[in-house]
Structure formats: C-alpha cells, structure tokens
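Position 1 is the first residue of the sequence; numbering continues from there. Heavy-atom basis, side chains included; hydrogens, waters and symmetry copies ignored.
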Amino acid sequence: MKSNHFVTRLSLPYFSLFLAACMFFFTACEPQEQIVELAEEEVEMVLLEAEVEESFEDVSQIGIEAVEMTDRSASARTMTSSNSFLTLTQNSGCPTITHDSVNKVITVDFGTSCTGPNGVVRSGKVIVTYTKRLYIPGAVLNISLDNYTVNGKQIEGSKTIKNMMSSFQDNISLRVTLQGGKITCPDSTFATRDFTRTRTWVRGANPLQDEFHVDGGIMGQRFNGNQYSCNIISTLIYKRKCRIQGIHIPVQGIKLIKRTGKPNVLVDFGDGQCDKLVTVTVNGSSQVITIGN
C-alpha cells in the first residue's frame, strides 16, 4: 500500500520528471556503440587486400586438393563434390587434371575459360610438383602458374609448401613461402606481395572438416602503388566447409594493416561462421563490410 501511495503522489508532473531523470541516468550509463562510416579509401583498401589474399589462398587450396584427389594410397581420403571445391568445380566440365605419377607433377588446366559453381571464372594452369603426399613429414609441394587468371586478373608467383613435422600428426605444421606474388588487372594496375608464413593443417576424418590456421605477416604493394605491411595478430582460420559454400576468406581471426603516414587498419573476420562479413576498425571507429568474390 505504501508503494501505491508513493506512485499516486508522483503521478502528476513530478512523476514525469522522475521518469525522465531515470531514463537519462540509465541511458548515460549504458555504453553506446559509435557508428561511423569509414573513409571510402579505407574500405576499398580492405576489399582489395582481401581480394589479393583470397587469390593466393585459392592457389594453395587448388594445389593441396589436386594432390589429395590423385592420392591412391591406402590412407587416402575420398574427395567428392561435397567436400572438395576442386571436385565440385569439375562438375561443370572443367578443369582438366592430369597426373604424371613418375615425375610427380599434377597439372590443373582451366583452359581458356572455366566458370566455377560460385561464378568465378578461371583460365590457365596451376602446376603442382610434389615430393610426397603433403601429410607425410618432410613433404614439399611446389606450385607454379602458367598464364593463370581469375575473373580477368592475372595471378603470378610461385608457392612452396613444406611439411615441417618430424612424425605423423593430425595437425600438420606447414611452412608456406610466396615469391614474386603479383596480381595484374586488365587496366595494367597491379598489386604485389611476398611472405613466409606458418600454416597449420587441422585434418578431419572427412576432408569437409579440415581447417587451415594461418599465422605470420606479409609485405606488399597496393594497386595504387603504395607500400604496406600486414601482420596476423590473431590466427586466421579458413574452413573447407565454408569454401564449398563459396566463402574463400578467413572466417575467424584478426589482422593489422600498417600504412606509411596513415592510421593502422584492424580487420576482424568474426567468430567462425561461414559468412563474408568483416569488421574494420580505424582510429577506434568500426564498420562492418561484406567481402565479395
């Protein structure tokens, strides 16, 4: 009864003032998310950086899957269109994969035009030379490109992937080196990058469960000619099940892009969900953007 009496007495103009004060108090104390549109240049830089990263990651995945697809050993895993992007792409009639088992060379030939299930158009060849199957300790896989293009952009460079393990393990530590990495657009602008990074291949019983955890940094040049560096500050995680869905970017992890004379850019790929959303932060201001193919 006392409480009802109290409310009744404040139910006139004073009660309105009381409510307003309460609303102000709780609003002022509650953290407010700052929504700020980043500069167009910064968003564009993140999108193009993601495109470059995606292109060279795609080359690694093609090489690794090509070796798996041609594995006829007793321990080989079954590669199907449900767990291998390269096998899924073959459903469209391309690419042609040839295996020279004597010289241990696999050629993935996309011809003059090969449209994948997600609308990505590739052409040219990805050539893989290997010493042993990549899951075997000490194995080395070399990837070279022959007039290889993705959506009209020419991709150049050579990759070396080495198994650094001394014994068989489910999680395989790989050292990945990219030399002469370059992407050239039809208008002749280009971006470059080189790196040596650590890559952990977390293998599942089913290839669809595989994850690739990437650590390290890169040095490169953007399409506008500016130099930059990029460090992974929280392990980037790629999931094969996401790749099957057309998600070729990391789905977890954080990287820091450093630019001369400009603020650093933090790129957060999320919590492991198969999506193309990333959170970009510059000077404390954040924006969620979608990374395209």
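The one candidate from Arg193, Arg240, Arg199 that meets the salt bridge (charged side-chain N to carboxylate O under 4.0 Å, His left out) condition with Glu57 is Arg199. A side chain to side chain contact (heavy atoms under 4.5 Å, CB included) with Ile183 is found for one member of Glu156, Lys153, Gln154 and no other, namely Lys153. If you run side chain to side chain contact (heavy atoms under 4.5 Å, CB included) between Arg222 and each of Glu44, Gln227, Met45, only Met45 comes through.
Hydrophobic clustering (ILVMFWY, side-chain heavy atoms < 4.5 Å, transitive): Ile161 and Met79 are in one cluster. One hydrophobic cluster, built from ILVMFWY side chains closer than 4.5 Å, holds both Ile249 and Val43.
Residues Pro137 and Lys132 approach most closely at O-NZ, 3.1 Å, considering heavy atoms. When all heavy atoms of Met69 and Ile97 are compared, the pair lying nearest together is CE-CD1, 3.5 Å. Pairing each heavy atom of Leu141 with each of Gly63, the nearest pair is CD1-O, 4.1 Å. Smallest separation of non-hydrogen atoms from Ser92 and Thr115: OG-O, 3.4 Å. Of all non-hydrogen atoms in Ile244 and Ser82, the two that sit nearest each other are CG1-O, 4.1 Å. When all heavy atoms of Ser81 and Asn91 are compared, the pair lying nearest together is CB-ND2, 3.4 Å.
Side chain of Asp215 to main chain of Thr198: no donor-acceptor pair is present (N/O by atom type, distance under 3.5 Å, no hydrogens or angles). The backbone N or O of Val121 sits less than 3.5 Å from a side-chain atom of Asn151, completing a donor-acceptor pair. Counting only distance, with no hydrogens or angles, the side chain of Lys159 and the backbone of Phe56 share a donor-acceptor pair below 3.5 Å.
Applying the 6.0 Å contact sphere to CG of Asp170 captures no more than 12 heavy atoms from other residues, nucleotides or ligands. In the displayed structure, Lys258 atom NZ is contacted under 6.0 Å by at most 12 heavy atoms of other residues, nucleotides or ligands. Within 6.0 Å of CD on Gln209 lie more than 12 heavy atoms contributed by other residues, nucleotides or ligands. Residue Lys239 qualifies as enclosed at atom NZ: its count of foreign heavy atoms under 6.0 Å is above 12.
Counting only N and O atoms by type, the side chains of Gln169 and Ser167 include a donor and acceptor under 3.5 Å apart. For the residue pair Asn171/Thr200, the side-chain donor-acceptor check at 3.5 Å is not satisfied. Between the side chains of Asn283 and Ser285, not a single donor N or O lies within less than 3.5 Å of an accepting N or O. For the 3.5 Å distance criterion, the side chains of Trp201 and Asp210 qualify, holding a donor opposite an acceptor. For the residue pair Tyr238/Gln252, the side-chain donor-acceptor check at 3.5 Å is not satisfied. Side-chain contact, Ser84 with Glu65: a donor N or O sits under 3.5 Å from an acceptor N or O.
We find that Glu42 and Arg259 are joined by a salt bridge, their nearest charged nitrogen and carboxylate oxygen being less than 4.0 Å apart. Salt-bridge annotation for Arg122 and Asp109: absent, with no side-chain N of the basic residue lying under 4.0 Å from a carboxylate O of the acidic one.
Atom NE2 of His213 is separated from atom CD1 of Ile232 by 12.0 Å, given to the nearest 0.5 angstrom. To the nearest 0.5 Å, the span separating CG on Leu145 from OG on Ser158 amounts to 8.5 Å. Atoms CG and NZ, from Asn231 and Lys255 in turn, are 11.0 Å apart once rounded to the nearest 0.5 Å. From Lys104, atom NZ reaches atom OG1 of Thr131 across 6.5 Å, with rounding to the nearest 0.5 Å. A distance of 8.0 Å separates CD of Gln221 from CG of Asn226, quoted to the nearest 0.5 Å.
Cation-pi check for Arg133 over Tyr135 is not met; the charged atom does not lie both under 6.0 angstrom from the ring centroid and within 45 degrees of its normal.
The closest side-chain heavy-atom distance from Leu47 to Ile291 is below 4.5 Å. Side-chain contact between Val105 and Tyr130 is absent, with no heavy-atom pair separated by less than 4.5 Å. Taking the side chain as every heavy atom from C-beta outward, Leu134 and Ile64 approach each other to under 4.5 Å. For the pair Cys185 and Phe223, the minimum side-chain heavy-atom distance is below 4.5 Å.
For His248 and Phe85, the ring centers are positioned less than 6.0 Å apart.
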Are Arg243 and Asp58 close enough, and set up right, to give a salt bridge (charged side-chain N to carboxylate O under 4.0 Å, His left out), and what steps lead you there?
CA-CA 10 Å; Arg243 178 173 167 79; Asp58 187 54; 3.0 Å; yes

